[in-house]
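Below is one structure, written out as structure tokens; the observations come after it.
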Amino acid sequence: MRLTSDFYLRTDVVQVARDLLGKVLITEFDGLRTTGLITETEAYRAPDDRACHAWGNRRTPRTEVMFWEGGHAYIYLCYGMHHLFNVVTGSEGMAHAVLIRAIEPLEGGDTMLARRYPTLPQPPKIRPALTTGPGALAQALGLHSSQTGQNLLAPDSPVWIEERGISVPETRIAAGPRIGVESAGECALWPWRFWLRDSLFVKRGKS
DNA sequence: CAAACGATCGGCT
DNA sequence: GCCGATCGTTTGC
């Protein structure tokens with residue numbers, strides 16, 4: 001079942017980040033379907049969160065989609081080469097988003113391998129490095145910053161998220177500080193990163 | 001207009 | 001563990 005707007009419109013982005021664990025992220029470009037179980041997320045919340053691009057509710061051309069209604073994709077270029085995929089949440093005017101940091105491949109593994117390792121004559125086998133880390137999973141799924149603003153709820157959207165009845169009890173969820181936001185002051189300590197303890201497809205904080 | 005800076009990754013030590 | 005790649009966004013002059 002595809003997630004509906006009531007999932008994304010909730011105003012507690014930290015809870016949404018937890019709830020996205022165990023959901024399935026899907027892309028279908030040019031008839032190539034790739035899907036993965038979401039295993040790691042981070043919440044970002046303007047205006048009070050200094051680590052959020054829209055901190056202080058500042059609107060720039062880039063952050064504009066963060067202010068849109070929940071259910072859109074915010075995809076931006078990081079370090080000049082990585083395209084990071086976020087899910088916008090909350091109602092219009094709230095700049096809240098969840099960064100998807102890792103997935104476990106479910107379908108389309110060969111397509112993911114071809115996208116990630118296009119120059120290797122023999123692509124490697126499926127392994128955590130294929131889809132662990134926000135830049136890695138976005139590349140594997142064919143996500144690109146040019147697609148920012150995509151509506152995950154549109155029937156013809158090439159990107160969406162599904163609920164497939166995978167049970168994620170609280171005991172499977174671990175939480176800790178977000179990665180790469182050390183310069184965000186006190187916000188850097190907030191435990192707004194979540195991951196599935198038992199997944200091998202998580203960048204750090206396994207176990 | 002110039003310049004600094006990333007919500008990272010992979011290769012090498 | 002450390003370091004370089006690489007470029008759009010943002011801010012400051």
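All chains are named by letter (A, B, ...) in the order of the sequence lines, taking the proteins before the strands, and each is independently numbered beginning at 1.
- Here dC9(B) presents its P atom at 16 Å from CZ of F85(A), a figure rounded to the nearest Å.
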Task: Test side chain to side chain contact (heavy atoms under 4.5 Å, CB included) applied to I161(A) and K23(A), step by step - done: CA-CA 7 Å; I161(A) 301 176; K23(A) 301 296 189 289; 3.7 Å; yes

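- Separating the CZ atom of R59(A) from the P atom of dT10(C) is a distance of 13 Å, rounded to the nearest angstrom.
- Side-chain N/O atoms of R193(A) include none lying less than 4.0 angstrom from OP1 or OP2 on dA7(B).
- Within the shown strands, nothing qualifies as a pairing partner of dT6(C) under the Watson-Crick or G-U definition with both distances less than 3.5 Å.
- Judged purely by atom type and a 3.5 angstrom limit, R172(A) has no side-chain atom pairing as donor or acceptor with the backbone of P169(A).
- Nucleotides of DNA chain B nearest to G135(A) and S183(A) differ in position, and the one nearer the 5' end is that of S183(A).
- Checking dC9(B), dG8(C), dT10(C) against every side-chain atom of K203(A), the shortest atom distance belongs to dC9(B).
- Taking every side-chain heavy atom of M81(A) into account, dT6(C) is the closest of dG8(C), dA7(B), dT6(C).
- Considering only the side chain of P61(A), dT10(C) comes nearest among dA7(B), dC7(C), dT10(C).
- Put simply, H53(A) has no side-chain N or O that comes within less than 4.0 Å of OP1 or OP2 on dT9(C).
- Atoms NE2 (H82(A)) and P (dC7(C)) sit 12 Å apart, rounded to a whole Å.
- Counting any heavy atom pair closer than 4.0 Å across all strands shown, R116(A) reaches sugar-phosphate atoms only and no base atom.
- Counting non-hydrogen atoms under 4.0 angstrom, A136(A) reaches the backbone sugars and phosphates but no base.
- A straight line from CZ of R50(A) to C1' of dG6(B) spans 15 Å, rounded to a whole angstrom.
- The backbone N or O of H83(A) sits nowhere less than 3.5 Å from a side-chain atom of S145(A) that would complete a donor-acceptor pair.
- If you check the side chains of Q139(A) and R116(A), you find a donor sitting under 3.5 Å from an acceptor.
- Nucleotide dA7(B) is matched to nothing when pairs are restricted to Watson-Crick or G-U wobble geometry with both distances under 3.5 angstrom.
- Summarising the geometry, the separation between CD1 on I75(A) and P on dT8(B) is reported as 16 Å, rounded to the nearest angstrom.
- Taking the six-membered ring where tryptophan is involved, the planes of W190(A) and W192(A) are tilted, since the angle between them lies from 30° to 60°.
- Residue R58(A) has a polar side-chain atom (N or O) positioned under 4.0 Å from OP1 or OP2 of dT11(C).
- With hydrogens and angles disregarded, no donor-acceptor distance shorter than 3.5 Å links the side chain of T63(A) to the backbone of M66(A).
- Spacing between atom CH2 of W55(A) and atom P of dT11(C) amounts to 10 Å, rounded to whole angstrom units.
- Within the nucleic acid shown, L99(A) comes within 4.0 Å of at least one base atom, counting heavy atoms only.
- Computed from coordinates, the L137(A) CG to dA7(B) C1' distance equals 13 Å when rounded to whole Å.
- Phosphate contact (OP1/OP2 of dG8(C), side-chain N/O of R62(A), threshold under 4.0 Å): absent.
- A straight line from OH of Y79(A) to C1' of dA7(B) spans 8 Å, rounded to a whole angstrom.
- For L77(A), the listed nucleotide lying nearest its side chain is dG8(C); candidates were dG8(C), dA7(B), dC9(B).
- The side-chain ring of Y44(A) is stacked on the base of dA7(B), judged by centre separation under 5.5 angstrom and plane angle under 30 degrees.
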